[in-house]
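When a ligand or atom number is given, it counts from 1 through the structure's own listing order.
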Amino acid sequence: MRTIQIHYPISTATQLDSERCVMALGFFDGVHLGHQKIIKTAKRLADEKNLKLAVMTFSHHPSSVIKKGKIIKNYITPLSVKVKVLKQLGVDLLYVIDFNEEVAKIPHHQFVNDYLCGLNCAHVVAGFDYKYGFKGKGDMEQLSIDSAGRFEVTTVPKLEKDEEKVSSTLLRELISSGKVEKIREYLGRNYEVLGEVKGRGRTCTINFDPDYYLPCPGQYEVTIMKGLFHLKGICEVKSVHHPGQLMVTLFHDQLFDDHSNVRLQWDNFIADFEMDAFHAQRDFRELEMSI
Ligand SMILES: Cc1cc2nc3c(=O)[nH]c(=O)nc-3n(C[C@H](O)[C@H](O)[C@H](O)COP(=O)(O)O)c2cc1C
Ligand SMILES: Nc1ncnc2c1ncn2[C@@H]1O[C@H](COP(=O)(O)OP(=O)(O)OP(=O)(O)O)[C@@H](O)[C@H]1O
């Protein structure tokens with residue numbers, strides 16, 4: 001997969017270097033099951049048309065520039081992780097737009113001209129609620145008008161679960177309320193943080209990208225994974241903590257080399273420190289016995 005950073009204004013060189021493609025549009029934080037539906041739809045079309053599969057996303061969430069509603073600064077999948085997941089989904093070209101105030105002011109028709117037609121799109125795929133262009137004035141109906149027949153448009157209908165849109169917002173609400181065990185139902189995988197382990201024996205430190213969106217403070221049952229090694233433990237998320245670092249107490253000695261790359265999987269919220277928010281999926285006493 002080729003990753004192409006795009007700074008404003010988009011350069012003619014980038015446009016001339018582009019390859020004919022089917023392009024999926026969105027921020028894709030988490031690359032949840034709704035996002036996967038967009039990307040898989042685009043991949044099916046790309047395979048049928050023998051074109052490259054492209055994804056266009058942003059370096060950081062538009063809310064941090066537009067400052068409308070909640071400003072999203074931490075991510076379920078920081079960009080480096082999003083790149084890994086998109087590559088696994090078979091994406092050939094990843095366009096990462098440096099979303100800043102100038103980009104936010106691009107009118108919808110100019111965005112289509114310069115960033116979609118300009119990057120050789122034969123077919124554009126996005127979800128039912130995708131917005132683009134200054135003030136978010138462009139929507140999927142407008143996209144067909146703005147295309148002016150230069151590319152085809154596929155709108156993917158809403159993927160719901162329990163009559164609710166599967167969304168990054170919903171995932172953030174689950175994570176920030178400690179309901180990490182429910183993430184899998186919306187993400188298609190458990191919530192995890194990629195990082196480096198330091199220390200041996202029963203306690204270790206995990207260093208990771210500080211851009212990750214962390215669960216609410218409390219104690220969590222976690223699994224540290226490296227290849228076939230899966231080690232269970234307890235991780236404390238403190239309200240004031242070293243950004244990008246977590247301590248884990250393991251049930252068994254770990255012998256990973258320092259700075260080994262590991263995955264920290266969030267299994268279960270056990271309790272917050274006052275023990276008044278307690279909803280472990282397993283009996284806490286049973287868990288205590290196993291430590
Ligand atoms: C080039 C471009 C410019 C945009 N400018 C704005 C903007 O000025 N205001 C806005 O609210 N959304 C803008 N958006 C849409 C945002 O990317 C984002 O989808 C929207 O703000 C939030 O949408 P959502 O909360 O419905 O997902 C722009 C999108 C693109 C691609
Ligand atoms: N549940 C869903 N069903 C269909 N399309 C979706 C769904 N969720 C997101 N999409 C589409 O996926 C692309 C990425 O959207 P975006 O990154 O805004 O995801 P989101 O989950 O809606 O995020 P947020 O909750 O922060 O608004 C867009 O084209 C959007 O329309």
> Would a single hydrophobic cluster contain both Ile6 and Leu86, if residues Ile, Leu, Val, Met, Phe, Trp and Tyr are joined by side-chain heavy-atom contacts under 4.5 Å?
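No, separate clusters.
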> Would a distance-only check, ignoring hydrogens and angles, find a side-chain to backbone donor-acceptor pair under 3.5 Å from Asp267 to Glu181?
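Here the side-chain-to-backbone pair does not exist.
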> I'd like to know whether ligand 2 has Lys37 as a neighbour, heavy-atom separation below 4.0 Å.
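For ligand 2, residue contact (heavy atoms, under 4.0 Å) with Lys37 is absent.
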> Measure from the side-chain N and O atoms of Arg263 to the backbone N and O of Val193, and report whether any donor-acceptor pair falls under 3.5 Å.
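Not at all, since once roles are kept as given, no pair shorter than 3.5 Å links the two residues.
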> Residues two or more places apart in sequence or in another chain: which of them pass salt bridge (Lys or Arg N to Asp or Glu O under 4.0 Å) with Glu152?
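So Glu152 forms a salt bridge (Lys or Arg N to Asp or Glu O under 4.0 Å) with Lys49.
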> Do any N/O atoms on Phe28 end up under 3.5 angstrom from N/O atoms on ligand 2?
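Looking only at distances, the answer is yes, because the N/O contact criterion of under 3.5 Å is met.
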> Would you say the rings of Tyr75 and Tyr213 are close, in the sense that their centroids are separated by under 6.0 Å?
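Ring centroids of Tyr213 and Tyr75 are no less than 6.0 Å from each other.
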> Side chain or backbone, does Lys165 bring an N or O within less than 3.5 Å of an N or O on ligand 2?
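There is such a contact, yes.
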> If you measure from each non-hydrogen atom of Ile38 to ligand 2, which part falls under 4.0 Å: side chain, backbone, both or neither?
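Ile38 to ligand 2: side-chain contact only, backbone stays beyond 4.0 Å.
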> Any protein heavy atom sitting closer than 4.0 Å to atom 18 (O) of ligand 2?
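No, no protein heavy atom sits under 4.0 Å from atom 18 (O) of ligand 2.
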> Can you sort out which atoms of ligand 2 are near Lys158, meaning under 4.0 Å from one of its heavy atoms?
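The atoms of ligand 2 under 4.0 Å from a heavy atom of Lys158 are 3 (N), 4 (C).
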> Would you mind telling me if ligand 2 is within reach of the side chain of His32, the backbone, both or neither, using heavy atoms under 4.0 Å?
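The side chain, only.
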> Could you walk me through whether Leu143 and Val124 pass side chain to side chain contact (heavy atoms under 4.5 Å, CB included), step by step?
CA-CA 9 Å; Leu143 188 58; Val124 174; 3.8 Å; yes
> Just jot down the ligand 2 atoms closer than 4.0 angstrom to any heavy atom of Ser167, in number order.
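Near Ser167, the atoms of ligand 2 are 21 (O), 25 (O).
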> Can you pull out the closest protein heavy atom to atom 16 (P) of ligand 2? Residue, atom name and distance to 0.1 Å, please.
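The closest heavy atom on the protein side is His35 NE2, 3.8 Å.
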> By number and element, which atoms of ligand 2 are closer than 4.0 Å to a non-hydrogen atom of Gly26?
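The list of qualifying atoms is 13 (C), 14 (C).
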> With a 4.0 Å heavy-atom cut-off (strictly under), which part of Ala24 contacts ligand 2: side chain, backbone, both or neither?
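Near ligand 2, Ala24 shows nothing, with every heavy atom at 4.0 Å or more.
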> Do Lys158 and Asp129 touch side chain to side chain, with heavy atoms closer than 4.5 Å?
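No, their side chains stay 4.5 Å or more apart.
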> Do Lys232 and Glu221 have side-chain heavy atoms sitting under 4.5 Å apart?
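They are in contact (side-chain heavy atoms under 4.5 Å apart), so the answer is yes.
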> For residues 85-121, which residue pairs pass the ring pair (Phe, Tyr, Trp, His ring centres under 6.0 Å) check, not counting sequence neighbours?
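The answer is Phe58-Phe99, Phe111-Tyr115, Phe111-Tyr132.
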> Would you mind checking which non-hydrogen protein atom is closest to atom 1 (N) of ligand 2, with the distance to 0.1 Å?
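For atom 1 (N) of ligand 2, the nearest protein heavy atom comes out as Val166 O, 2.8 Å.
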> Would you indicate which of Thr155, Leu159, Asp29, Ile39 comes nearest to atom 3 (N) of ligand 2 when only heavy atoms are counted?
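The residue whose heavy atom sits nearest atom 3 (N) of ligand 2 is Leu159.
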> Give the residue and atom name of whichever protein heavy atom lies nearest to atom 25 (O) of ligand 2, and the separation in Å to one decimal.
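Sorting protein heavy atoms by distance from atom 25 (O) of ligand 2 puts Thr169 OG1, 2.6 Å first.
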> Please could you name the atoms of ligand 2 that Phe27 approaches to less than 4.0 Å, counting only its heavy atoms?
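Going through ligand 2 atom by atom, the ones under 4.0 Å from Phe27 are 14 (C), 17 (O).
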> What does the contact table look like for ligand 1 (nitrogen or oxygen on each side, cut-off under 3.5 Å)?
| residue | atom | partner | partner atom | Å |
| --- | --- | --- | --- | --- |
| ligand 1 | 5 (N) | Ala104 | O | 2.9 |
| ligand 1 | 5 (N) | Gly133 | O | 3.1 |
| ligand 1 | 8 (O) | Ala104 | O | 3.1 |
| ligand 1 | 8 (O) | Lys135 | N | 2.7 |
| ligand 1 | 9 (N) | Lys135 | N | 3.3 |
| ligand 1 | 11 (O) | Lys68 | NZ | 3.0 |
| ligand 1 | 12 (N) | Gly136 | N | 3.4 |

> Specify side chain, backbone, both or neither for Arg172, according to which of its non-hydrogen atoms lie closer than 4.0 Å to ligand 2.
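For Arg172, the contact with ligand 2 is made by the side chain alone.
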> Examine the proximity of ligand 2 to Leu25 and report which part, side chain or backbone, both or neither, has a heavy atom under 4.0 Å away.
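Contact part for Leu25 vs ligand 2: backbone (N, CA, C, O).
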> Drop me the distance from Asn74's CG to Ile175's CD1, to the nearest 0.5 angstrom.
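With rounding to 0.5 Å, CG (Asn74) is 10.5 Å from CD1 (Ile175).
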> Please list every donor-acceptor pair under 3.5 Å in which a side-chain atom of residues 24-31 meets a protein atom from a residue at least two apart or in another chain.
| residue | atom | partner | partner atom | Å |
| --- | --- | --- | --- | --- |
| Asp29 | OD1 | Ile76 | N | 3.0 |
| Asp29 | OD1 | Thr77 | N | 3.0 |
| Asp29 | OD1 | Thr77 | OG1 | 3.4 |
| Asp29 | OD2 | Ile76 | N | 3.2 |
| Asp29 | OD2 | Arg172 | NH2 | 3.2 |

> Check ligand 2 against Ala126 and write out every atom of the ligand that is under 4.0 Å from a heavy-atom position of the residue.
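Under 4.0 Å from Ala126, ligand 2 has these atoms: 29 (O).
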> Looking at Asp211 and Lys73, is there a salt bridge between them, counting it only when a charged N and a carboxylate O are closer than 4.0 Å?
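No salt bridge links Lys73 with Asp211.
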> Within the side chain of Glu102, is there an N or O that forms a donor-acceptor pair under 3.5 Å with the backbone of Pro9?
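No, Glu102 side chain to Pro9 backbone: no donor-acceptor pair under 3.5 Å.
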> Does the N or O separation between Asp129 and ligand 2 drop below 3.5 Å for any pair?
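There is such a contact, yes.
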> Under the 3.5 angstrom rule, does the side chain of Gln36 hit a backbone N or O of Leu187 as a donor-acceptor pair?
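Checking the backbone N and O of Leu187 against the side chain of Gln36, a donor-acceptor pair under 3.5 Å is found.
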> Please test Asp92 against Cys21 for side chain to side chain contact (heavy atoms under 4.5 Å, CB included), starting from the C-alpha separation and ending with a verdict.
CA-CA 9 Å; Asp92 301 307; Cys21 66; over 6 Å; no
